[in-house]
Each structure stands twice: as C-alpha cells, then as structure tokens.
Amino acid sequence: MQALKDQSARGSRVLGTAMLMLGLAATPAVADASPSASPSDGSSAPTSAGTSFRTATEIDQGQQATASGSAGDYLYWSFPADAGQRPTVKATVKLPDSHASEVWQLDVYDGLRRRQACQYGAQTRTAASGTASVELACTLRTVRAWSEQWANDPLPGTYYVRLTTVNLATSDLGLPVGAEVRVDSLDIGGAAAVDGSLAEPLVPGIAVESEDKEDSSTTSAVLSSIEPDDGWSSGWWSDRWVWTAIGGALAALAGVGGYALTRGSGRPRQVPPGA
C-alpha cells in the first residue's frame, strides 16, 4: 500500500511539472497573436496617393494615410510586410453629398504585382445614392518566408494597395472624394513558418542612388525607403524551435514518469538475491 502511495505521489509531481511547462509554453503563442504594427506619428502620415504602381505613396504599418482625389481616379499606396505577418488593409471613401450609386473596390498586389486574394473582408462595396461614405477591408493570407515559383503565395516585401470605383455613373465622373487607408498586421509566428527563405524581399528597385556621395559614378538600386521596424527577417528563426524543445522536454518527463510508475518498489529486503 505504501509503495502504491509513493508511486501516486511521484506521478502527481511529474504531471504538475508537465502542466507548468505547458503554461510557460503558451506565453509565446499569446504574444504572437498581438498586432505587429507600431503606432506612428500622425503628423508624418502621407496626405496624398499615387496614380500608378511606380508612383504609389509609401506608408508604414500603423499609419493613417489620407488622400484627396476625383471619382474615377486610381489611388495607389504601398507598404512593407514581412514573413509571419497577416496584413489587414482598411479603407474609407468619403463621398460628396449628392451622387449616384457607385461600386468601390480595394485590391492588394504583392511585390511582383500579382493580385492577392483576401481571406475575408468586404473588398467590394456599393455606395447607394446619397451615401456619405463607404468602408472596405481586405485581410491577406499570412506572408510566407519562401514559396514555390509556380505558387501565388504572399511573400516578404512591398505590397501595393489600389482603391478605385468599378461602376461609376457618367454624371459622377470627376466629383471630389476623400480616402483614408490604414494597414495593420497580426504576427502569426511559427504556425506559418516554412523551411526556406528568400534571398531578398520583393521590393521595387526603380530609382538609383550613389554608393559614394563623393563619387557619383558608382550607383546602386534604391529598393525601398521603408521596411519593418526590426528589419527584414532572416527566415531561419521561429517559435517552432521553442515548441520543439518543449515537446522534447515533455517527452523526457513522460518517460521518467512512466518508469517511476511502473518499476515498483524493488526487491523486498527479506528476499535474498537470486531467490
């Protein structure tokens, strides 16, 4: 009976240790679900939009960009997104007091200018006659560190936002409109990690700058003037390493606990060896 009580006590201690380690392991997962965008100074937020991919206005995640335009214009912005992030683009279009029914659409393209599908969100909405504003949203798939060449997976780099109307009455063409755009992301963490990484993020290299300010003959491509706050990820580290280590420790504890519960109390003292 005493041996059974000792075994139960040992089993309880092993189970308590395992539960404690599982509680500690859950902490990184909770942190991964927090928004990754850092608050930005509102005074530095862009107040205009580009009219093409090449002239797209750069915004950082967490910024509230604004722009004024005319109904029928194409408005473009660009922002950086790194591996493990799930960006959500939100746009609000402010319409004039008097207008006919309009259909507005929000599209997102990656650094290769491939249109990216939205997991969820109202990407296209109809503004009925007299509506003061219309809100659109697009949540992308999680950005992967690496992908097959034939796939259309979102990859680290620059993303383009295009806002326009796809159904506009001739009488409304050229009416003044206002737009607000904001991008935020969730850090998904190791759940989206893959065994690979890009050599370079997919960012535009349109302009060139001098590598040596004193010697203008040597130039290099300007990839982008904005990037994630902590730089582009290297692609090899993720919290999967933490979960793997914790899983190995729990497996070792389970082995020790199983042995402690099944080995018994040993040979009784009154029984001679070899008996």
Side-chain angles (χ1 to χ4, degrees), residues 35-81 85-111 113-140 154 157-186 203-204 206 224-227:
S36 63
S38 58
S40 303
D41 184 5
S43 62
S44 62
T47 57
S48 62
T51 57
S52 67
F53 286 102
R54 294 177 62 91
T55 61
T57 299
E58 293 182 335
I59 61 175
D60 206 348
Q61 293 192 23
Q63 281 187 322
Q64 182 80 22
T66 59
S68 298
S70 301
D73 289 346
Y74 285 87
L75 305 179
Y76 287 83
W77 295 267
S78 65
F79 66 92
Q85 293 183 340
R86 182 180 293 168
T88 296
V89 183
K90 295 182 179 179
T92 301
V93 183
K94 298 180 179 179
L95 304 172
D97 296 335
S98 178
H99 64 84
S101 178
E102 302 175 358
V103 179
W104 286 84
Q105 182 166 306
L106 178 71
D107 296 307
V108 182
Y109 299 82
D110 65 5
R113 302 184 185 180
R114 303 176 301 182
R115 184 175 180 273
Q116 292 295 313
C118 300
Q119 277 192 316
Y120 50 86
Q123 186 180 7
T124 302
R125 272 191 169 177
T126 300
S129 177
T131 303
S133 64
V134 60
E135 296 182 354
L136 305 103
C138 175
T139 298
L140 300 178
T158 297
Y159 282 77
Y160 298 94
V161 178
R162 185 178 72 182
L163 180 63
T164 189
T165 177
V166 294
N167 187 4
L168 182 69
T170 305
S171 58
D172 289 347
L173 188 64
L175 290 179
V177 296
E180 296 179 355
V181 172
R182 181 183 176 92
V183 182
D184 294 293
S185 289
L186 288 180
V203 293
I206 300 171
S224 179
S225 62
I226 57 175
E227 64 179 15

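Only a predicted model underlies this, so the values are computations on that prediction, with no experimental measurement involved.
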If every non-hydrogen atom of [X] is compared with every non-hydrogen atom of [Y], which pair is closest and at what distance?
| X | Y | value |
| --- | --- | --- |
| S52 | Y76 | N-CD1, 3.3 Å |
| P176 | P96 | O-CD, 3.5 Å |
| T165 | G72 | CG2-N, 3.7 Å |
| I59 | A65 | CG2-CB, 3.6 Å |
| V203 | G157 | CG1-CA, 3.9 Å |
| Q63 | A45 | NE2-CA, 4.0 Å |

Answer whether the closest heavy-atom distance between the side chains of [X] and [Y] falls below 4.5 Å.
| X | Y | answer |
| --- | --- | --- |
| Q116 | C138 | no |
| P154 | L140 | no |
| F79 | P87 | yes |

Inset, instruction - Establish, from distance only, whether the side-chain atoms of S185 and Q61 form a donor-acceptor pair under 3.5 Å. - result: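 Checked: S185/Q61 side chains pair up, N/O donor to acceptor below 3.5 Å.
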
Inset, instruction - Give a yes-or-no answer on whether the side chains of Y160 and R113 include a donor-acceptor pair shorter than 3.5 Å. - result: no

Legend entry - V103: which of V134, N167, T164 passes side-chain contact (heavy atoms from CB on, under 4.5 Å):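 Single pass found, and it is N167.
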
Atom [atom1] in [X], atom [atom2] in [Y]: separation rounded to 0.5 Å?
| X | Y | atom1 | atom2 | result |
| --- | --- | --- | --- | --- |
| L136 | L163 | CG | CG | 6.5 Å |
| T139 | K90 | OG1 | NZ | 7.5 Å |
| Q85 | Y159 | CD | OH | 9.5 Å |
| E102 | D172 | CD | CG | 4.5 Å |
| R182 | T92 | CZ | OG1 | 11.5 Å |

Inset, instruction - Given side-chain contact (heavy atoms from CB on, under 4.5 Å), test V177 with W104 step by step and report yes or no. - result: CA-CA 12 Å; V177 296; W104 286 84; 4.2 Å; yes

Legend entry - OH (Y109) with more than 12 external heavy atoms under 6.0 Å: yes

Legend entry - Donor-acceptor pair, side chain of T57 and main chain of S48, under 3.5 angstrom: yes

Legend entry - Partner set under side-chain contact (heavy atoms from CB on, under 4.5 Å) for D73, not counting sequence neighbours: S70, L75

Inset, instruction - Enumerate the residue pairs fulfilling side chain to side chain donor-acceptor pair (under 3.5 Å) with a member in residues 122-136, sequence neighbours excluded, ordered by first and then second residue. - result: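 Qualifying pairs: Q105-T124, D107-Q123.
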
